[in-house]
K.L.:
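This structure is in structure tokens; I'll ask about it shortly.
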Amino acid sequence: MPETVVLCGVDEVAEGEIKQASLPDGAHVALYRVGDAIYATADTCTHGEASLSEEGMLTGKTVECTFHFGTFDVTTGEPTGMPCEIPLKTYPVKVIDDQVCIEV
Ligand code: FES
């Protein structure tokens, strides 16, 4: 059974910024606002040990990892620019009572 985890208030995920949040197991996720929707991925780049919430730059639905300039589509987790080749794990996001929740 997936567990629903409340991460933060919806207004804490600002346009153009990347919000880091923690899961109960200590793993970090990165939250992104794209238009009116919020997306969640694993926070660690699949190419190296970069934290996307700390080192990434969000443009539209693309996050660029500034370590080696690889990119991902945050809505799908798919890599869109070298050297990233492995997709980011994504999490389904639900907004409940203005709280950002994901299923883990
Ligand atoms: S660590 Fe992210 S592109 Fe290399």
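Each ligand, and each atom within it, is numbered from 1 in the order the structure gives.
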K.L.:
Among residues at least two apart in sequence or on other chains, which ones pass salt bridge (Lys or Arg N to Asp or Glu O under 4.0 Å) with Glu103?
P.N.:
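With neighbours one apart ignored, the set is Lys94.
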K.L.:
Within less than 2.8 Å of atom 2 (Fe) of ligand 1, how many protein N/O/S atoms are there?
P.N.:
2
K.L.:
Answer yes if Val10 and Tyr32 sit in the same cluster of Ile, Leu, Val, Met, Phe, Trp and Tyr residues linked by side chain heavy atoms under 4.5 Å apart, and no otherwise.
P.N.:
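Cluster IDs for Val10 and Tyr32 differ.
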K.L.:
Got Val29 and Tyr91 here, is their nearest side-chain heavy-atom distance under 4.5 Å?
P.N.:
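They are in side-chain contact.
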K.L.:
How would you list, by chain and number, every residue that makes a side-chain hydrogen bond (donor to acceptor under 3.5 Å, both in side chains) with Thr71, sequence neighbours excluded?
P.N.:
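Thr80.
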K.L.:
For a 4.5 angstrom cut-off between non-hydrogen side-chain atoms, does Val93 reach Val100?
P.N.:
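Yes, close enough: below the 4.5 Å cut-off.
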K.L.:
Pairs in or reaching into residues 49-72: which pass salt bridge (charged side-chain N to carboxylate O under 4.0 Å, His left out), with residues at least two apart or in two chains?
P.N.:
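Passing the test, one end in residues 49-72: Lys61-Asp73.
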